[in-house]
Protein chains: 2
Amino acid sequence: MPVDPGSARELIHRVFDLQRVIRCLSTSELKHGELGVASQGVLRMIAEHGGRAVDLAGQLGVSAPVLSRHLAELEGLGLVERHRDPEDRRAQRVALTEAGATALNEIEEHRISRLQSYLAGWDEEQAAHAILAIGQLSDALRTGARPMRPAPIQSSPPVLQTPPTPQTTQTQEEALAAR
Amino acid sequence: MPVDPGSARELIHRVFDLQRVIRCLSTSELKHGELGVASQGVLRMIAEHGGRAVDLAGQLGVSAPVLSRHLAELEGLGLVERHRDPEDRRAQRVALTEAGATALNEIEEHRISRLQSYLAGWDEEQAAHAILAIGQLSDALRTGARPMRPAPIQSSPPVLQTPPTPQTTQTQEEALAAR
DNA sequence: TATTGTTATACTCTATAACTATA
DNA sequence: TATAGTTATAGAGTATAACAATA
């Protein structure tokens, strides 16, 4: 049974409200030297899932031209390196330089300390709840947004389809208890 | 005592992740006829806090020129009306037209049904947790972002300052129990 | 023929600066 | 002098289309 329409409406409004607040923060204090917020996100994604550019674009949820432009900028600043993939000479392998890792670290530390000051009245449990709830919401929207390939018409269902992403099937209590 | 740096980092990453997911949804399915997402937000804010344009801009967190442009667009589409404020002839009072209310309703209903389908596996408690956590986070960031006027140096503190926004001082349990 | 990446172009949303009108 | 609103301009971030090189 779906969630109540009133709850859905409320959740939508809260999410848009959060986005507005974050946008205000972005313009006021999320810059880092030459780097815009988007490039900072690319930097972090490289650190986490670095590798082929095309995969990075998918993980960032942006088109190839957008990533290309950001990588060119980051390379120009000496923060990332691009090398042709020896196994597929069309592709690139992307990695942070020493300077890139340093810059990312500064960005992260700065954000963390700012957030810590904003959450001065919070306790660990509250933070854990927020992390969990937002993660679950992102997962739900991601699987919803994912354009499921058009339902196979008149074809017997494949025996083994895409791995049944175990993602977020925990209840909140289980997930919290597992910390 | 502030939240753990690890929790803060995790929360930051989850929030950016949510923003990415929502951006993907925005480009794929949040349009409504001529209206972009920003104009839809203006429409809703008018419905909730309609009144003086300058106050709307503040609540939306955008600059006056941005709101002016959106209002011009919405007025051109026949969705909002602007009248000079009789009490202050510099200002405008903004309100939805009949068509504007109808359009907003369609937008809301559409979003709600989409979100309900995305949250197919959720229960009411989970939704309530997400609403609460996201609202608390927005509040915390908003008060942090609010440029507190520079601490009065060498001046005796005002007897009555800005009302001590009671905002979110409930614990999660209290807030949930109050539903 | 499909995929990786780049360049060119355009769109959305935003801000700052300069202006008019009113207070 | 300060505030409400508009217009002009610029910037960040994104997408689509057309292209080159490789598979």
Side-chain angles (χ1 to χ4, degrees), chain A residues 16 19-43 45 51-77 80-94 145 147, chain B residues 16 19-43 45 51-76 80-94 147:
Chain A
F16 279 114
Q19 291 200 287
R20 267 193 296 273
V21 174
I22 291 175
R23 185 170 46 68
C24 292
L25 286 175
S26 298
T27 61
S28 70
E29 58 179 89
L30 280 182
K31 304 288 173 52
H32 180 88
E34 316 282 321
L35 265 52
V37 179
S39 296
Q40 295 175 29
V42 173
L43 220 47
M45 200 59 89
R52 297 173 72 226
V54 64
D55 296 329
L56 281 173
Q59 274 145 350
L60 286 164
V62 299
S63 57
V66 168
L67 180 62
S68 179
R69 225 182 50 121
H70 284 143
L71 289 179
E73 178 201 0
L74 291 169
E75 189 179 41
L77 292 170
V80 312
E81 289 173 336
R82 293 192 277 188
H83 305 288
R84 293 229 87 87
D85 185 334
E87 298 176 6
D88 179 348
R89 307 231 322 282
R90 297 170 302 180
Q92 296 177 347
R93 321 276 323 181
V94 185
Chain B
F16 280 114
Q19 292 200 285
R20 268 193 295 273
V21 173
I22 290 175
R23 184 171 46 67
C24 292
L25 286 175
S26 299
T27 60
S28 70
E29 59 180 87
L30 281 182
K31 305 289 174 49
H32 179 87
E34 316 283 321
L35 266 52
V37 178
S39 296
Q40 297 175 28
V42 174
L43 220 47
M45 201 58 89
R52 298 172 69 228
V54 63
D55 297 330
L56 280 173
Q59 275 145 350
L60 285 164
V62 298
S63 58
V66 167
L67 180 62
S68 178
R69 224 183 51 119
H70 284 141
L71 287 179
E73 178 199 2
L74 291 169
E75 190 180 39
V80 312
E81 290 173 336
R82 292 191 278 188
H83 305 288
R84 292 230 86 86
D85 185 334
E87 299 174 6
D88 181 347
R89 306 232 319 283
R90 296 171 302 180
Q92 296 177 346
R93 321 277 323 181
V94 186

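All chains are named by letter (A, B, ...) in the order of the sequence lines, taking the proteins before the strands, and each is independently numbered beginning at 1.
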Distance in angstrom units between A:Leu74 CG and D:dG13 C1', rounded: 14 Å

Produce the list of close N/O pairs, under 3.5 Å, pairing protein atoms with atoms of nucleotides 21-23 of chain D; give distances to one decimal.
residue, atom, partner, partner atom, Å
D:dA23, OP1, A:Arg89, N, 2.9

Could you work out, with side chain to side chain contact (heavy atoms under 4.5 Å, CB included) as the rule, every residue matching A:Glu34, not counting sequence neighbours? A:Leu77

Testing C:dT4, D:dA4, C:dC13 for proximity to the side chain of B:Val37, the answer is C:dC13

Apply side chain to side chain contact (heavy atoms under 4.5 Å, CB included) to B:Arg90 and list each qualifying residue two or more places apart in sequence or on a separate chain. B:Asp88

Atom pair distance, as rounded to whole Å: CZ in B:Arg82 and C1' in D:dG5: 9 Å

Are the side chains of A:Arg93 and A:Arg52 in touch, meaning some heavy atoms are under 4.5 Å apart? yes

Could you give all pairs that pass the side-chain hydrogen bond (donor to acceptor under 3.5 Å, both in side chains) test and reach residues 63-74 of chain B, with sequence neighbours left out? B:Ser39-B:Glu73

Could you check whether B:Arg93 gets within reach of a base, just the sugar-phosphate, or nothing at all, counting any heavy atom under 4.0 Å? nothing

Between D:dG13, C:dA15, D:dG5, spot the one nearest the side chain of A:Ala38, thanks. D:dG13

Nearest 0.5 Å please: distance from the CG atom of B:Leu60 over to the CZ atom of A:Arg23. 8.0 Å

Whole angstrom value for the distance that separates P of D:dA20 from CD of A:Gln92: 18 Å

OP1 or OP2 of C:dT14 under 4.0 Å from side-chain N/O of A:Arg23: yes

Are any non-hydrogen side-chain atoms of B:Val42 and B:Leu56 less than 4.5 angstrom apart? no

On DNA chain D, nearest-nucleotide positions of A:Leu35 versus B:Val54: which is more 5'? B:Val54

Under the side chain to side chain contact (heavy atoms under 4.5 Å, CB included) test, residues paired with B:Arg84 that sit two or more places apart: none

Expected output is a numbered-order residue list: members of residues 55-71 of chain A with a heavy atom under 4.0 Å from any atom of DNA chain C. What is it? A:Ala64, A:Pro65, A:Ser68

Quick one: CG on A:Leu43 to CG on A:Leu71, what's the gap to the nearest 0.5 Å? 10.0 Å

